[in-house]
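This is a predicted model, so every value here is computed, not measured.
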Amino acid sequence: MVQARMAQLQDILQWCNQTLKTAEFKDYAPNGLQIEGKTQVQKLLCAVTASQQAIEAAIEQQADLLLVHHGYFWKGEAYPITGMRGKRIRSLIRNDISLVAYHLPLDAHPELGNNAAIAEMLGLQNITALDPNERNPIGNIGYLTQALSPQDFKNLLSEKLSFDTIHLPADKTSIQKVGFCTGAAQDFISKAAEQDCDAYISGEVSERTYYEAQELNVHYFACGHHATERYGVQRLGKAICQQFGIEYSYFELNNPI
């Protein structure tokens, strides 16, 4: 068996930051290195969220780096590192594991991103920006090759994403032009309406979204925050593995939200 190579942590970070163009994003949390561990990396574990279970998996698998979409130090969080977050961070530091997180840059990347993965899974074509004013759009629009009924589209989403999709109906009888932005982007339904989309996909849903779907006449499909954002970290993890020759694995918690 060929042993995996070692890579410098800083080389991985530099490659990721350049590939994802992190400097061009204004985000809600720091992108890149959040907790520094070993200077050399042989094994990488990726997960959607840096939960305690993901950290324990990284410890068990003797990973040197935990790569996630949802890390720590979000805007508005309290500064003291105590309680649940303190336990998580202590676990990483005691085991010399680096935590690296990429949020909006990983949503937006046209090849590695969460939105790109969703578009490929659904067979959406002619991808454009949901908001034409964004330099690096975090939401997109795509077209089905053949129009579907709302029920058939819901079935397609549930099958591809392995999630019991929630459908908030509009009056349109068929769907072809689809807006989408993974995670908790339900409020972008208004942008989908401005672009005359037939439907809009995101992860989560709010009470107000029910009325917005009706009044904006855009079918809304909530496909799960976790379920829609499984893919970016996996694509990035595999790309890092190919670039640097290190080991890679993915931890699936199967969060139902």
Side-chain angles (χ1 to χ4, degrees), residues 1-20 22 29-72 84-85 87-103 105-107 109 111-118 120-121 160-163 182-183 203 223-257:
M1 183 176 179
V2 178
Q3 187 175 14
R5 291 160 49 189
M6 300 285 283
Q8 295 294 321
L9 174 63
Q10 289 303 318
D11 291 342
I12 294 173
L13 292 169
Q14 183 179 22
W15 183 85
C16 288
N17 291 335
Q18 290 177 348
T19 300
L20 299 177
T22 57
N31 285 293
L33 184 63
Q34 293 190 341
I35 296 173
E36 187 173 18
K38 300 180 183 74
T39 59
Q40 290 188 316
V41 177
Q42 184 174 15
K43 186 167 186 178
L44 175 154
L45 178 79
C46 68
V48 176
T49 299
S51 65
Q52 188 66 38
Q53 287 169 293
I55 294 168
E56 294 299 331
I59 295 169
E60 181 180 348
Q61 296 184 32
Q62 297 183 318
D64 307 303
L65 189 156
L66 177 59
L67 173 70
V68 299
H69 184 50
H70 302 134
Y72 304 149
M84 178 185 71
R85 186 170 57 155
K87 180 181 178 182
R88 292 174 173 180
I89 292 173
R90 285 194 302 274
S91 298
L92 289 165
I93 292 174
R94 285 172 178 168
N95 290 278
D96 211 12
I97 298 172
S98 295
L99 177 65
V100 176
Y102 290 102
H103 186 231
L106 192 53
D107 287 323
H109 195 274
E111 296 171 359
L112 303 176
N114 289 310
N115 289 329
I118 297 297
E120 288 183 22
M121 292 172 70
K160 294 294 185 180
L161 295 170
S162 301
F163 186 85
T182 63
C223 301
H225 195 138
H226 176 87
T228 57
E229 296 192 330
R230 288 186 181 113
Y231 310 103
V233 286
Q234 295 184 66
R235 289 182 169 211
L236 181 58
K238 290 176 183 176
I240 293 169
C241 176
Q242 292 170 357
Q243 180 72 19
F244 294 96
I246 63 175
E247 289 185 55
Y248 151 84
S249 60
Y250 170 65
F251 173 74
E252 175 58 74
L253 179 60
N254 200 26
N255 186 328
I257 304 302

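Atom CE of Met6 is separated from atom NZ of Lys38 by 8.5 Å, given to the nearest 0.5 angstrom. With rounding to the nearest 0.5 angstrom, the OG atom of Ser249 is 11.5 Å from the NZ atom of Lys238. Interatomic distance, Ile55 CD1 to Leu92 CG, rounded to the nearest 0.5 Å: 4.0 Å. For the atom pair CG of Leu67 and CG of Leu45, the computed distance is 9.0 Å after rounding to the nearest 0.5 Å. Rounding to the nearest 0.5 Å places CG of Leu33 at 5.5 Å from OG of Ser98. Distance check: Thr39 OG1 to Asp96 CG gives 8.5 Å after rounding to the nearest 0.5 Å.
Side-chain contact between Thr182 and Tyr231 is absent, with no heavy-atom pair separated by less than 4.5 Å. With a 4.5 Å cut-off on side-chain heavy atoms, Gln242 and Tyr248 do not count as touching. At a threshold of 4.5 Å between non-hydrogen side-chain atoms, the residues His70 and Glu229 count as touching. His103 is listed as a side-chain neighbour of Asn31, based on a closest heavy-atom distance under 4.5 Å. Considering only heavy atoms from C-beta on, Ile257 stays 4.5 Å or farther from His226 through its side chain. Annotation: side chain of Leu9 is in contact with side chain of Leu65 (closest heavy-atom distance under 4.5 Å). The shortest side-chain heavy-atom distance between Cys16 and Ile240 falls under the 4.5 Å cut-off. Looking at Asn114 and His69, their side chains come closer than 4.5 Å, going by heavy atoms from C-beta outward.
Side-chain contact annotation: Asp107 with Asn115, donor-acceptor N/O pair under 3.5 Å absent. A donor and an acceptor atom, one from each side chain of Asn255 and Arg230, are nowhere located under 3.5 Å apart. Side-chain contact check for Gln52 and Glu56: at least one donor-acceptor pair (N or O, by modelled atom type) lies under 3.5 Å.
Taking every heavy atom of both residues into account, Leu44 and Gly237 meet most closely at CD2-CA, 4.2 Å. Listed here is the closest heavy atom pair of Leu13 and Gly32: CD2-C, 4.4 Å. Scanning both residues, Thr228 and Cys223, for their nearest heavy atoms gives CG2-CB, 3.7 Å. Nearest heavy-atom pair, Val68 versus Ala50, reported as atom, atom and distance to 0.1 Å: CG1-N, 3.8 Å. When all heavy atoms of Ile12 and Ala7 are compared, the closest pair comes out as CD1-CB, 4.0 Å. The two residues Val233 and Ala47 have their closest heavy-atom pair at CG1-O, 3.7 Å.
Trp15 and Phe244 have perpendicular rings, their planes meeting at more than 60° on a 0 to 90° scale where under 30° would count as parallel.
Checking side-chain atoms of Arg235 against main-chain N and O of Gly113 turns up no donor-acceptor pair under 3.5 Å. No side-chain donor-acceptor contact under 3.5 Å links Gln34 to the backbone of Leu99. Using modelled atom types, no side-chain atom of Tyr102 and backbone atom of Gly232 make a donor-acceptor pair closer than 3.5 Å.
Counting heavy-atom neighbours within 6.0 Å of Lys160 NZ, excluding the residue itself, gives a total of 12 or less.
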Could you go through the side-chain contact (heavy atoms from CB on, under 4.5 Å) check for Ile118 and Leu161 one step at a time? CA-CA 9 Å; Ile118 297 297; Leu161 295 170; 3.5 Å; yes
